[in-house]
**Q** 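Questions regarding the structure given below will be posed in turn.
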There are 2 protein chains.
Amino acid sequence: MSSKSEEVPFGRRGTGKPTINDVARLSGVSKKTVSRVINRSPLLNDETRRRVLEVISDLGYVPNPQARALALRTNFLIGLIHDNPNAQMVLNVQQGILEALQGTDFEMIVRPVDRGSAAMLDDVRHFLERQRLYGVILLPPISENDALARLCDEVGCRYVRMGSAELDDPDHMVASNDREAVRGATAYLIEQGHRSIGLIAGPHGFRSATERRQGFEDALAEAKIKLPRSLIAEGNYTFASGLAAAEKLLDLSPRPTAIFASNDEMGAAVVHAARQRGIDVPEQLSVIGFDDTPISAHIWPPLTTVRWPIVSMARSAALKLLVSVGGAEAEADVSEPSMFLSTLVKRASVTPPKT
Amino acid sequence: MSSKSEEVPFGRRGTGKPTINDVARLSGVSKKTVSRVINRSPLLNDETRRRVLEVISDLGYVPNPQARALALRTNFLIGLIHDNPNAQMVLNVQQGILEALQGTDFEMIVRPVDRGSAAMLDDVRHFLERQRLYGVILLPPISENDALARLCDEVGCRYVRMGSAELDDPDHMVASNDREAVRGATAYLIEQGHRSIGLIAGPHGFRSATERRQGFEDALAEAKIKLPRSLIAEGNYTFASGLAAAEKLLDLSPRPTAIFASNDEMGAAVVHAARQRGIDVPEQLSVIGFDDTPISAHIWPPLTTVRWPIVSMARSAALKLLVSVGGAEAEADVSEPSMFLSTLVKRASVTPPKT
DNA sequence: TATCATCTGGAAACCGGTGTCATATACGAA
DNA sequence: TTCGTATATGACACCGGTTTCCAGATGATA
């Protein structure tokens, strides 16, 4: 004994857990039958099923996910691939996914990626090929990358993209109607009497940015309001970039009486910049954000914003992936919705302009 | 063909990937030898190793993690168990863990739990037993639950607890010196001339709350300042609870000239409540928060706060779990640090009192 | 040169499930 | 009574690695 082993000991640990063989032996059936019970095969004798279930329950038997993963050539993990800098949004998405996974055997694995990196696609490919995930959910903005979606197809990994507009066929997509929502929010500002409205757009090349900008322009066009280019500033969804953009707009003269920011971080930055300049919000400047993340309710004044149903979208995305599982449950073939509507949340940051 | 299969088709998908057998055949050695190469066994002929590595590289062979997990009786997943409501903090922890896992074969799996639920421990036990995680990281506040740590021991799962004070032996713990940090922050307020300082404490029963409160009391005691109970209000780390607590303190008369909030959310709430009452921060009220989450820099005025090195702590926690892996690397036995120091970040929310 | 310890590498079992296919029983029809 | 035919179950190989155990090769020592 204690003969020095050839190999490094690594992670070995004994496990005293009951296996499918134990269950089979004790209930006097074969492994395969136990497997059938576990997988809810419809071809079983009720009496047999009952007996096996009883033994399973007595033993506290739990099937080994690793063994299943090996045999089925896919594990029970849903991956979340994202490069989103907004913590609240990422966490909301995680929450939505986990809600969907609740009660199933699936778990969630998180994988941030670096859009900037040239090796990004290779990294993801390596990741997907190694892990043999059941499926992945792509969070914007990286979800807008078509090459990534193609890659998933290529390696045979199910995927659902979350987005601000249609990106793909509904089976692979969950989206919100950003354009229409922003149109509505902007129209609200116009209703209130604003005519000089600034836009802090999202970064160039982002679908969400384009959609929101178009919604903004739609509303102005409807009201036949001209939009000088100077009233559009670009940010990249961070507070800091929003600050810079806000400063540009607030230094204009005449100054816009309202600003629509393409997300709450940048909206909060507008409020911040205004305060630094002694401009009162909302008395002298109305502000609307987008997302309805907690920050919008926590700053003063609380931000009027567009509520983006991100948790529901994420839940739906995860459920889309799981469809075709469930087997026996046959949870009706009510397919998950693919399009979600955003709504305007009116808070204190908007009033009619003084003029 | 198309004979209706007995079983549900489930997740099967063909995989055309090279296996260890292919590698063995092509390089003219046995599976075991390939396995030795992969696991960096020191007992190999260099020539053999070279040849095998070449074939591996040619084939683009990647070992199947599911098969390894089955054989080794542990997978390559690190779990993050948390019940923390602060998105930024959870994400920071995820970031730290992922930094540590970078370049290894490990992935991170996230598991939020509900402290309130009576079934919490059973849920976690089930989760750990099923998944056979390599190890888990426990985030506060749930990390302070000793029963949870015992449970990990019991099911044979490595764990590291993150905390605000020593919770356990250093092998299972990464902590910060909250008490001393808060003492310093409070001393700073006292230096500035404040004598009537309010505290918004964390929720009763939380270690972090106790530590921070004690640090606060330490500083006052050192300066021989009496602390009436009315100057202490309790929140539960959320913005809303901070608002209620702040209102209580701000309605006092005489009103405190400074408030220490046990986290940034509640600190931001103090600023918010002050503004609602027309109290100027920092002219009429100084505020200090804790954590240095982004919100502290984004509100106006930016919050002086205690920087909690949460990313480093999380990274260190993950590295602690991975110790004993690495095998050949033998990355020196420099053990990961267990205690981290928090530092005061001075921003605009503190000035000497006017009086 | 004979002997023994040390390397090196292979065959086969194993981890714990699943698929395929064959078989045994039950039952209705010819 | 004799066949299908459907239902219920089992034997066995397989997923892709790791480990045990053993044997041949090598080199040092007597």
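Convention: sequence-line order gives letters A, B, ...; per-chain numbering from 1.
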**Q** Of the nucleotides C:dG10, D:dG16, C:dT18, which has the atom closest to the A:Lys32 side chain?
**A**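 Per side-chain heavy atoms of A:Lys32, the pick is C:dT18.
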
**Q** If the cut-off is 4.0 Å, is A:Ser35 near the phosphate of C:dG17, judged by side-chain N/O to OP1 or OP2?
**A**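 So the side-chain polar atoms of A:Ser35 never come under 4.0 Å of the phosphate oxygens OP1 or OP2 of C:dG17.
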
**Q** Determine: side-chain N/O of A:Asn21 to OP1/OP2 of C:dG16, distance under 4.0 Å, yes or no.
**A**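 Result: no.
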
**Q** Sequence neighbours excluded, which residues qualify as side-chain hydrogen bond (donor to acceptor under 3.5 Å, both in side chains) partners of A:Arg150?
**A**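 With sequence neighbours excluded, A:Arg150 shows a side-chain hydrogen bond (donor to acceptor under 3.5 Å, both in side chains) to no residue whatsoever.
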
**Q** Tell me what B:Val34 touches on the nucleic acid: a base, only sugar-phosphate, or nothing, going by heavy atoms under 4.0 Å.
**A**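 Here B:Val34 touches no strand at all.
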
**Q** Not counting sequence neighbours, which residues clear side-chain contact (heavy atoms from CB on, under 4.5 Å) with B:Leu98? List them please.
**A**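 Here the qualifying residues are A:Pro112, B:Met108.
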
**Q** Under 3.5 Å, is there a donor on one side chain and an acceptor on the other for A:Arg51 and A:Asn45?
**A**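 Judged by distance alone, the side chains do not pair up.
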
**Q** Look at the side-chain N and O atoms of B:Ser30 and state whether any lies under 4.0 Å from the OP1 or OP2 oxygen of C:dG10.
**A**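 Yes, B:Ser30 has a side-chain N/O under 4.0 Å of OP1/OP2 on C:dG10.
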
**Q** Can you tell me how far C1' of C:dC14 sits from CG of A:Asn64, to the nearest Å?
**A**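 Atom CG in A:Asn64 sits about 13 Å away from atom C1' in C:dC14.
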
**Q** Considering the terminal five base pairs at each end of the helix from C:dT1-D:dA30 to C:dA30-D:dT1, what angle separates the two local helix axes, rounded to 10°?
**A**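 Taking the rotation axis at each end, their angle is 50°.
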
**Q** Which of these nucleotides, C:dG19, D:dA8, C:dG17, is closest to any side-chain atom of A:Asn45?
**A**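 That would be D:dA8.
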
**Q** Could a donor-acceptor pair under 3.5 angstrom be found where the side chain of A:Lys31 meets the base of C:dG16?
**A**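 No, no donor-acceptor pair under 3.5 Å.
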
**Q** Could you say whether B:Val62 or A:Asp46 is positioned toward the 5' end of DNA chain D, judged by the nucleotide with the nearest heavy atom to each?
**A**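 Residue closer to the 5' terminus by nearest nucleotide: A:Asp46.
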
**Q** Without decimals, in angstroms, what is the distance between B:Ile20 CD1 and C:dA11 P?
**A**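 Result: 14 Å.
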
**Q** Write down the distance between CG (A:Asp22) and C1' (C:dG17), rounded to a whole number of angstrom.
**A**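 Spelled out: CG on A:Asp22 to C1' on C:dG17 is 13 Å.
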
**Q** Separation of B:Asn75 atom CG from C:dG16 atom P, in whole Å?
**A**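 My rounded result for the distance is 14 Å.
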
**Q** Tell me, please, which residues at least two apart from A:Pro170 pass side-chain contact (heavy atoms from CB on, under 4.5 Å).
**A**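 Partners of A:Pro170 under the side-chain contact (heavy atoms from CB on, under 4.5 Å) test: A:Ser338.
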
**Q** Where the side chain of B:Leu72 is defined as all heavy atoms beyond and including C-beta, which of C:dG17, C:dC15, D:dT19 is the nearest nucleotide?
**A**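 Looking only at side-chain atoms, B:Leu72 lies closest to D:dT19.
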
**Q** Rounded off to whole Å, could you give me the CD-to-P distance for the A:Gln66 and D:dT18 pair?
**A**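 After rounding, the gap between these two atoms is 14 Å.
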
**Q** Rounded to the nearest 0.5 Å, how far does CE of A:Met120 lie from CG of A:Leu148?
**A**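 A:Leu148 atom CG to A:Met120 atom CE measures 5.5 Å (nearest 0.5 Å).
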
**Q** Measure the distance from CZ on A:Arg25 to C1' on D:dG10 and round it to the nearest whole Å.
**A**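 Distance, rounded to whole Å: 17 Å.
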
**Q** So does A:Asp146 pair up with A:Arg161, basic N to acidic O under 4.0 Å?
**A**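 Counted as a salt bridge, because a side-chain N and a carboxylate O are separated by less than 4.0 Å.
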
**Q** Looking only at side-chain N and O atoms, does A:Thr33 come under 4.0 Å of OP1 or OP2 in D:dG10?
**A**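 Yes.
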
**Q** By nearest heavy atom, map B:Thr48 and B:Leu70 onto DNA chain C; which one lands nearer the 5' end?
**A**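 Nearer the 5' end of the strand: B:Thr48.
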
**Q** Quick one: side-chain contact (heavy atoms from CB on, under 4.5 Å) partners of B:Asn21, sequence neighbours excluded?
**A**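 By the side-chain contact (heavy atoms from CB on, under 4.5 Å) rule, B:Asn21 matches B:Thr19, B:Lys31.
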
**Q** Starting at atom CG of B:Asp105, determine the distance to atom P of D:dT18, rounded to an integer number of angstrom.
**A**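 Distance, rounded to whole Å: 11 Å.
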
**Q** What residues form a side-chain contact (heavy atoms from CB on, under 4.5 Å) with A:Leu59, not counting sequence neighbours?
**A**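 By the side-chain contact (heavy atoms from CB on, under 4.5 Å) rule, A:Leu59 matches A:Pro18, A:Asp22, A:Val23, A:Leu26, A:Val55, A:Tyr61.
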
**Q** Counting only side-chain N and O atoms of B:Arg36, is one of them less than 4.0 Å from OP1 or OP2 of C:dG9?
**A**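 No, B:Arg36 has no side-chain N/O under 4.0 Å of OP1/OP2 on C:dG9.
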
**Q** What contact category does A:Leu44 fall into here, base, sugar-phosphate, or nothing, at under 4.0 angstrom with non-hydrogen atoms?
**A**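 Here A:Leu44 touches the backbone only, sparing every base.
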
**Q** Which nucleotide in the set C:dG16, C:dG10, D:dG17 lies at the smallest distance from any side-chain heavy atom of B:Val29?
**A**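 In terms of side-chain proximity for B:Val29, the closest of C:dG16, C:dG10, D:dG17 is C:dG10.
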
**Q** What integer distance in Å separates A:Lys17:NZ from C:dC15:C1'?
**A**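 Nearest whole value for this atom pair: 13 Å.
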
